[in-house]
Every structure is written in structure tokens, then in C-alpha cells.
Amino acid sequence: MASKKLSILLLSLFTGVAFAQIVALDPDWKESEAPSPPSFTQKNLIPLNMPNYVSLKFGVDPQTLTITSDGIVRYVVVATNSSGSMAAMYEGIRCATGEVKTYARFNSSGEWDTLKRPEWLDLAGKQPSKHALVLARQGVCEGATSTGLSVTDIVRALRK
């Protein structure tokens, strides 16, 4: 019995490593141009289940969720502190590589500031916040992919 469990564990590990290597070596993948940041509202935010040590509350506006042909899930996430101050970011998650990119930040004048050279960052890396990792786990990614998921599927998973 223990031998069978070990075999399954090893097979899962090797399959995951092999898949990650295939995805990482995909020379044909190219990111589509990110659309302009969408307008958003704080009324219908879907809250993210953040760890207890995170003092900010995060939510995603479901109307901003899109999945593009390159496999990137883009969205607007809103962070609110205990005094009610708000910050918003327009981001994308690439499930295949476990990465997140911030395209723009909402400024205090009520306008988007687009980043000049946004970069892909590791979802599990040392970021100031883990909201993107939580979002990926809570419904944006199904394993290492968003393929087969629709925006409706993602919204349903986030609301559970």
C-alpha cells in the first residue's frame, strides 16, 4: 500500500516537472497586447480569502475579468485598508508559468497610471502582497492552466 502511494506521488511529481519544462521552453508563446485598464466599481467586488496576517482586504471586480487567447487572465483587484482608503491594480495572471504582471495602478486622481515596462513576477515570490497567488488558487487557475475555464467558471469559483 505504501509502495503504491509512493509510486503515485513520484509519478505526479515527474509529470508536473515535465509539464513545467514544456511550458517554460515554449518558444512560440507570445503575450497579446494588454487592453487598456477597464473601468471598475467597488460595489460588486468578490472578496479574496487572504491569510489572517494580511491587514488589507482584497476584492476583484467580476466585470473586469477577461481571458485572452494567450492564456492570460486579466482583472482589476481592489485593496482596502481599515480606514477605507482604496488602491486598485490592473493585473494579469499566466497560470502556465505561475506568474503575475501589474499593467497599471489607479491613482488618487481617479485615473490609471500605466506601467512603462511591466514585468512578469513569480506568484509565489517575495511580493509585498500575496493577493495574486490567492486569486490564482481561489479560481483563476486550474492547476497550471486557465484553458477550458470561462469567466463564468472563474466567477463561480471565486464566490464559493
Indicate yes or no for a side-chain donor-acceptor contact from Thr102 to the backbone of Glu91 under 3.5 Å, with no hydrogens or angles considered. no

CD-CD distance between Glu99 and Glu119, expressed to the nearest 0.5 angstrom: 10.5 Å

Locate the shortest heavy-atom distance separating Ala124 from Lys130; write the atom from each residue and the value. O-NZ, 3.8 Å

With side chains defined as the heavy atoms from C-beta onward, is the minimum distance between Met89 and His131 less than 4.5 Å? yes

So which heavy atom on Arg74 is nearest to which on Ala34, and how close? NE-CB, 3.7 Å

Do Val78 and Phe58 come close enough that some side-chain heavy atom pair is under 4.5 Å? no

Using every non-hydrogen atom in the two residues, find where Gly98 and Asp122 come nearest and quote the distance to one decimal. O-OD1, 3.5 Å

So CZ of Arg105 and CG of Leu115: to nearest 0.5 Å the spacing works out to 5.0 Å

Side-chain donor or acceptor of Thr80 paired with backbone N/O of Gly84 under 3.5 Å: no

Could you go through the salt bridge (Lys or Arg N to Asp or Glu O under 4.0 Å) check for Glu31 and Arg94 one step at a time? CA-CA 10 Å; Glu31 180 179 4; Arg94 185 172 179 218; over 6 Å; no

So how far is it from Lys57 NZ to Leu48 CG, rounded to the nearest 0.5 Å? 12.0 Å

Whether the side chain of Asp61 engages the backbone of Thr41 through a donor-acceptor N/O pair (distance < 3.5 Å, no angle test) should be reported. yes

For residues Leu65 and Val73, report the shortest heavy-atom separation together with the two atoms involved. CD2-CG1, 3.9 Å

Any pair counted as ring pair (Phe, Tyr, Trp, His ring centres under 6.0 Å), so long as it reaches residues 80-103, sequence neighbours left out: Tyr90-Tyr103

Should Val134 and Pro51 count as side-chain neighbours, where that means a heavy-atom distance under 4.5 Å? yes

Smallest heavy-atom separation, Trp112 atom then Ala88 atom, equals CZ3-O, 4.0 Å

Take Val60 and Leu135, measure what side chain to side chain contact (heavy atoms under 4.5 Å, CB included) needs, and give me the verdict at the end. CA-CA 9 Å; Val60 173; Leu135 183 58; 3.7 Å; yes

Pairing residues for Arg156 by the salt bridge (charged side-chain N to carboxylate O under 4.0 Å, His left out) criterion, not counting sequence neighbours: Asp153

Identify the two heavy atoms, one from Leu149 and one from Cys141, that lie closest to each other, and give their separation to 0.1 Å. CD1-C, 4.3 Å

Short side-chain to backbone donor-acceptor contact, Trp29 and Asp70, under 3.5 Å: yes

Side chain to side chain, Val76 and Pro38, heavy atoms closer than 4.5 Å: yes

Side-chain donor-acceptor contact under 3.5 Å, Glu111 with Ser109: no

When rounded to the nearest 0.5 angstrom, what is the spacing between CE in Met86 and OG in Ser108? 10.0 Å

Among Ile93, Ile67, Ile46, side chain to side chain contact (heavy atoms under 4.5 Å, CB included) partner for Tyr75: Ile93

d(Thr66 OG1, Ile72 CD1) to nearest 0.5 Å is 9.5 Å

So do Ser39 and Gln63 actually touch side chain to side chain, heavy atoms under 4.5 Å? no

